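Just so it is clear, the model here is predicted, and its values are computed rather than measured.
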Amino acid sequence: SEFMSWAFPEDPKMRNVRLGPVPLELRHRYPELDIQRWAKVWDKTCDAIVVTPTALVLIEGELRRPIVAIGELLVYRELVPQTESLAAYWPMKLRTLLVTPLPDPTLEVVMRRLNIEVIEYRPLWVEEYLRQVGRL
């Protein structure tokens with residue numbers, strides 16, 4: 001929330017957005033189960049989405065292991081056109097953005113190739129947290 005207010009102060013924002021449909025085959029295979037509830041096990045939830053005048057921006061934050069966010073962002077990007085609640089935004093350009101306090105320089109080439117933008121964002125509370133967990 002803090003990052004979005006700083007980076008996208010005027011744009012509409014959504015947090016913890018569940019992406020993609022529940023597979024129909026699960027509904028058929030297990031009609032007795034609450035499939036919506038069981039689908040939460042997969043946790044395909046993007047940290048945030050911002051709607052700018054020119055793009056839909058998928059945002060994933062990662063404090064300690066930015067490599068983890070790469071796979072998540074790639075999957076989320078594929079799921080946007082399958083997410084009914086985002087249908088109004090399907091025609092928009094789609095940006096994927098990793099927010100991290102310590103970008104990994106060894107991932108820069110991979111991120112560029114995958115069209116994932118990286119923003120370094122390190123407020124004081126993040127530095128304190130990273131010191132506490134022994135990462136700084």
Checklist entry - Angle class for the Phe3/Tyr121 ring planes (parallel below 30°, perpendicular above 60°, tilted otherwise)? => result perpendicular
Report yes or no: do [X] and [Y] belong to one cluster of Ile/Leu/Val/Met/Phe/Trp/Tyr joined by side chain heavy-atom distances under 4.5 Å?
{"X": "Val118", "Y": "Ile59", "result": "no"}
{"X": "Ile67", "Y": "Val126", "result": "no"}
{"X": "Leu98", "Y": "Leu79", "result": "yes"}
{"X": "Leu94", "Y": "Ile119", "result": "no"}
{"X": "Met111", "Y": "Val75", "result": "yes"}

Using only atom types and a distance under 3.5 Å, with no angle test, would you say the side chain of [X] pairs donor to acceptor with the backbone of [Y]?
{"X": "Thr83", "Y": "Gly20", "value": "yes"}
{"X": "Thr100", "Y": "Glu62", "value": "yes"}
{"X": "Asp47", "Y": "Gly61", "value": "yes"}
{"X": "Lys13", "Y": "Phe8", "value": "yes"}

Next on the checklist: Determine whether Arg15 and Ile49 satisfy the following criterion, side-chain contact (heavy atoms from CB on, under 4.5 Å), listing intermediate values before the conclusion.
Outcome noted: CA-CA 6 Å; Arg15 289 184 306 214; Ile49 295 179; over 6 Å; no
Checklist entry - In the hydrophobic clustering (ILVMFWY, side-chain contacts below 4.5 Å, transitive), which residues join Val109, or is it alone? => result none
Next on the checklist: Can you tell me if Glu10 has over 12 outside heavy atoms packed within less than 6.0 Å of its CD?
Outcome noted: no
Next on the checklist: My understanding is that only residues two or more places apart in sequence, or in another chain, count here; which of them pass side chain to side chain contact (heavy atoms under 4.5 Å, CB included) with Leu74?
Outcome noted: Ile70, Arg77, Leu114, Ile116
Item to check | Val50 and Pro12, any side-chain heavy atoms less than 4.5 Å apart | outcome: no
Checklist entry - Under a 4.5 Å cut-off applied to non-hydrogen side-chain atoms, are Glu60 and Cys46 in contact? => result yes
Next on the checklist: Could you work out, with ring-ring contact (aromatic ring centres under 6.0 Å, His included) as the rule, every residue matching Tyr89, not counting sequence neighbours?
Outcome noted: none
Of the non-hydrogen atoms in [X] and [Y], which two are nearest, and what is the gap between them?
{"X": "Trp125", "Y": "Glu2", "result": "NE1-OE1, 3.0 Å"}
{"X": "Val51", "Y": "Asp11", "result": "O-CB, 3.3 Å"}
{"X": "Ala87", "Y": "Pro91", "result": "O-CD, 4.0 Å"}
{"X": "Thr96", "Y": "Asn115", "result": "OG1-O, 2.9 Å"}

Next on the checklist: To the nearest 0.5 Å, what is the distance between CZ on Arg113 and CD on Glu108?
Outcome noted: 13.0 Å
Checklist entry - What is the distance from atom CD of Glu117 to atom CG of Leu58, rounded to the nearest 0.5 Å? => result 10.5 Å
Checklist entry - Which is it for Glu120 and Arg122 under the salt bridge (charged side-chain N to carboxylate O under 4.0 Å, His left out) test, yes or no, and what are the steps along the way? => result CA-CA 6 Å; Glu120 181 176 341; Arg122 189 173 20 177; 3.1 Å; yes
Checklist entry - Does the pair Arg64 and Leu102 meet the rule for a side-chain contact (heavy atoms from CB on, under 4.5 Å), with working shown? => result CA-CA 8 Å; Arg64 299 191 288 174; Leu102 296 169; over 6 Å; no
Next on the checklist: side-chain contact (heavy atoms from CB on, under 4.5 Å), that's the test. Do Thr54 and Lys93 meet it? Break it down for me.
Outcome noted: CA-CA 7 Å; Thr54 59; Lys93 176 184 175 187; over 6 Å; no
